[in-house]
Structures are given as C-alpha cells and as structure tokens.
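The first residue in the sequence is number 1, and the count goes up from there.
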Amino acid sequence: MLNLRELFEKNPIVAAPLAGISNAAYQSLCLDYGCGLVYTEMISAEGIFFRNQRTLEMCRIPESNHPTALQLFGSKVDHLVAAAEYIDQHTTADIIDLNMGCPAPKVVKTGAGSALLKDPEKAFAIVSGIKQAVGKPVSVKMRIGYSDSEKNYLSFAKGLEEAGADMIAVHGRTRTQMYQGLSDWEAIREIHEALTIPVIGNGDVRTAEDFFEKKDKSGVAAVMIGRGLLGNPFLIQQIVKRMKGETDLTITPEERFAACRDHAQRLIALAGEERALRELRGIVGNYLRGLPEASYYRGKVTTMKDYEELDRLLNEFQQRLEERNEDRTA
C-alpha cells in the first residue's frame, strides 16, 4: 500500500481533480512536469455500481500515470462501498478518494459533494464502510463548511479521521463561496494541527511563491493546485526548481507553444481529434496568457477544427513574436 507520508516528503505537489480536465492526458502531463500526485476527475459511484461502460473506462489508469487518486462521488453508502470495492479490485488506482466538496448544484442536489458537509454521520459511515472493504488508502476532499454560518471543518475532519480516512484534502472555501473570495488557509492550518493523518491544502495557488508561502503558513503535508495549472504545467516545474535551489524560473514563449502542442497530442491520442480539439478550445488560451497579442489568438482557437489548424496558429503567433523582438533590437 502506498505510504502517503513518504510520498509527500519526497514530493508535496498535488494536481487537483478538475471536472472535464483531469483525464489521463492531463494527469500524464502533470506527472511529467514533476507533480507528486494526480487525481482523476470525479467519477460517479452510481455509474460504477451499475457498470456503465463509459464510467468504467474513466477508471482505467495508464501504466505511466502513477501515483493517481481515483475520486468517487455519490450519496448512497452501499453504492459507494460497492464502487470502491470495484476500484480496489479492478483498477490500478493508488488511492480511493471521496468527493465531499464539489459545490456544483447538480451534484449537491443529489446529496453528494458538498451536501455531505451537512450530513456528517452519513459522511463518516461512507468512509468507515469503504475503509473496511478495501485495501488501498482512502482519502477525502472536503471544504471548510457549507456556508459561513456552517463552518464545521474541525469536527468534520476529526470525524473523517476517526472513521478511517488515511488522508484529507481541504479546499479552504465554503460551498456557498463556490470559487469566489479567498481560500482560508488559517482554517486549513487548524485542521492540519488537529489531525494525525496527512492533510493537503488547496486554494489560490497561482505561483511558486504562493505554493511555498501557503505550505509554510499551514504546515500541511502537501499543497494541491487546481485552476492555477490550466495551461500552466510550468508552475509544477518552477516549484520543483525552487525546491532544488534554482532561481531562474523563466518560461519562454517557445516553451509555452511546445507544451500546448504536447497537451493537444496527448489528448488526441486519448480521445480522438474531434473531442480533443473541442476540449482544448477552453485551455489553449491559458497557454498563451500574458504574451503580446494573446487575446487575438485566444479568439482564433475557439473555432479551430483540427490539430493542423492549431499548429498553424501557434506557428504564426510564434513568428509574430519573433518579428516583434527583431523590430525592438533593430
């Protein structure tokens, strides 16, 4: 069984589960850039319970994508336990993770995700039932409460640990905050200090400085990065460099274009060109962010039809940047 403390002592960088993003292509990209742990996107326990083929395909972990936490969501205790047993016996996932933090209305209205913050006894029963049924480590991703008046994070986290959770990841916002406002890293620190199991902190990490500041402030075993990695796997690389004492964290435009092509090629290999390009339209712009004329090309990629067109646009953009530099030095 994976030793979580040893894992985070070696590498405390964690890529958060992102719906519609954290597929095998994204996981492999993050791992290749130096991430210590990646997650699948949320996978329906109901889909696994009823053996939906598309859901089961989402559970397949490529041989190179380790360590990976497979994240389940649902609200029925027996179905979640059965789904976890399937994951334990039929997949190579390293960790079975339970989502108790998703704020999406379509998830919450079913009693899953953040809704479980309002039903601690059911949440604890889910963890206890799964822990008794599987051999893999069991973890939970939670928020600090359902609303500002319902911040039950300490009692909730302690209950999860007592129920058998091996690790907890905490997003420092409430459900009603969604993704607005600032993540409460003081609350994350309190949870870390109250538990004996590893705690991962999550929220508002956009730079290498953010990563180290929040890790030092909270004392957590690891830091999870979500939206900050979209089109920016270089952030992982920059954190790794800082850990090694390197100070040059510069990312060139050429590196951005190369990483964008790499991501596209991995996603095409996984999902086929049509579906991959559809998903990439919302990601490519992040690779270009901050570059001169980026807004023009972000608009262009929203209508791209195939990889050849993406490659052409990136080549054109790179050439325009080179011409700008030549004009400046002339």
Side-chain angles (χ1 to χ4, degrees), residues 8 10-16 18 21-22 25-38 64 182-183 185 200-218 220 222-267 280-301 304 307 310-330:
F8 296 136
K10 292 177 182 176
N11 190 327
I13 310 169
V14 181
L18 298 170
I21 300 293
S22 299
Y26 178 79
Q27 295 159 21
S28 68
L29 188 72
C30 290
L31 288 166
D32 285 351
Y33 270 83
C35 204
L37 174 67
V38 296
S64 59
L182 295 176
S183 183
W185 280 82
I200 302 173
N202 176 217
D204 301 334
V205 178
R206 302 283 184 175
T207 66
E209 289 73 20
D210 291 339
F211 179 94
F212 290 102
E213 176 192 343
K214 287 172 169 54
K215 188 175 188 303
D216 292 344
K217 175 182 177 181
S218 63
V220 293
V223 173
M224 178 180 281
I225 312 171
R227 291 169 291 169
L229 291 182
L230 285 178
N232 187 29
F234 318 103
L235 176 53
I236 302 168
Q237 187 181 70
Q238 290 171 324
I239 294 167
V240 172
K241 284 183 176 181
R242 279 278 298 269
M243 288 177 178
K244 294 178 179 178
E246 298 180 32
T247 56
D248 184 5
L249 308 183
T250 306
I251 305 298
T252 66
E254 290 76 19
E255 288 175 307
R256 291 184 178 278
F257 298 138
C260 184
R261 289 187 178 91
D262 184 16
H263 193 163
Q265 290 165 0
R266 292 177 194 235
L267 195 51
L280 282 164
R281 287 173 189 156
I283 300 174
V284 172
N286 291 312
Y287 280 102
L288 311 181
R289 182 171 290 139
L291 297 176
E293 301 183 43
S295 60
Y296 172 79
Y297 285 96
R298 283 202 301 269
K300 285 286 188 181
V301 299
M304 63 185 178
Y307 178 79
L310 171 62
D311 187 53
R312 180 184 63 76
L313 287 169
L314 293 177
N315 281 327
E316 179 184 309
F317 192 7
Q318 184 170 343
Q319 185 174 346
R320 287 174 71 93
L321 291 177
E322 291 171 354
E323 290 171 355
R324 284 172 63 101
N325 289 335
E326 288 174 2
D327 290 342
R328 286 180 177 178
T329 56

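Put simply, the side chain of Asp210 gets close to the backbone of Thr207: a donor and an acceptor are under 3.5 Å apart. Using a distance-only test at 3.5 Å, with no hydrogens or angles considered, a donor-acceptor pair links the side chain of Asp204 to the main chain of Ser183. A donor-acceptor pair under 3.5 Å is formed between the side chain of Asn11 and the backbone N or O of Gly34. Judged by distance alone, the side chain of Asn232 and the main-chain N or O of Gly228 form a donor-acceptor pair under 3.5 Å.
Side-chain contact between Leu37 and Met224 is absent, with no heavy atoms from C-beta onward closer than 4.5 Å. Using a 4.5 Å heavy-atom cutoff, the side chains of Phe8 and Val220 are not in contact. Side-chain atoms of Ile251 and Arg256, non-hydrogen and from C-beta on, do get closer than 4.5 Å to each other. Using a 4.5 Å heavy-atom cutoff, the side chains of Leu267 and Leu280 are in contact. Here the side chains of Arg242 and Glu209 are in contact, with some heavy-atom distance below 4.5 Å. Tyr26 has its side chain out of reach of Pro233: every pair of non-hydrogen atoms, C-beta onward, lies at least 4.5 Å apart. Using a 4.5 Å heavy-atom cutoff, the side chains of Leu31 and Ser64 are not in contact.
Scanning all heavy atoms of the two residues, the minimum distance from Val301 to Arg281 falls at O-CG, 3.3 Å. The two residues Ala264 and Leu310 come nearest to each other via the heavy atoms CB-CD2, 3.7 Å. When all heavy atoms of Trp185 and Gly203 are compared, the pair lying nearest together is NE1-O, 2.9 Å. Ala15 and Cys30 make their closest contact through CB-SG, 4.1 Å (heavy atoms, listed as atom of the first residue, atom of the second, distance). When all heavy atoms are compared, the tightest approach of Tyr33 to Ile236 is O-CG2, 3.4 Å. The two residues Gln238 and Leu249 make their nearest non-hydrogen contact at NE2-O, 2.7 Å.
Partner Ile13 forms a side chain to side chain contact (heavy atoms under 4.5 Å, CB included) with one of Val205, Val38, Ile239, Val223 and no other, that one being Ile239.
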Assess whether side chain to side chain contact (heavy atoms under 4.5 Å, CB included) is satisfied between Lys217 and Phe212, documenting all intermediate values. CA-CA 8 Å; Lys217 175 182 177 181; Phe212 290 102; over 6 Å; no
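Side-chain contact annotation: His263 with Tyr287, donor-acceptor N/O pair under 3.5 Å present. Using modelled atom types, one finds no donor on one side chain facing an acceptor on the other under 3.5 Å when comparing Arg312 with Asn315.
More than 12 heavy atoms of other shown residues, nucleotides or ligands fall within 6.0 angstrom of atom CD in Glu246. A 6.0 Å sphere centred on NZ of Lys241 holds more than 12 heavy atoms belonging to other residues, nucleotides or ligands.
Gln265 CD to Leu29 CG: the interatomic distance, rounded to the nearest 0.5 Å, is 11.5 Å. Rounding to the nearest 0.5 Å gives a distance of 11.0 Å between NZ of Lys214 and CG of Asn202. Rounding to the nearest 0.5 angstrom, the gap separating the CD1 atom in Ile283 from the CG atom in Leu229 is 11.5 Å. Taken from OG in Ser218 to CD in Glu213, the straight-line distance is 10.0 Å, to the nearest 0.5 Å. Interatomic distance, Arg289 CZ to Ser295 OG, rounded to the nearest 0.5 Å: 12.0 Å. Note that OH of Tyr297 and NZ of Lys300 are 8.5 Å apart. Values are rounded to the nearest 0.5 Å.
A salt bridge links Asp32 to Arg266: one of the charged nitrogens lies within less than 4.0 Å of a carboxylate oxygen. Ion pairing between a basic and an acidic side chain is recognised when a charged N comes within 4.0 Å of a carboxylate O; Arg324 and Glu293 show such pairing.
Side-chain rings of Phe317 and Phe257 approach one another, their centers coming within less than 6.0 Å.
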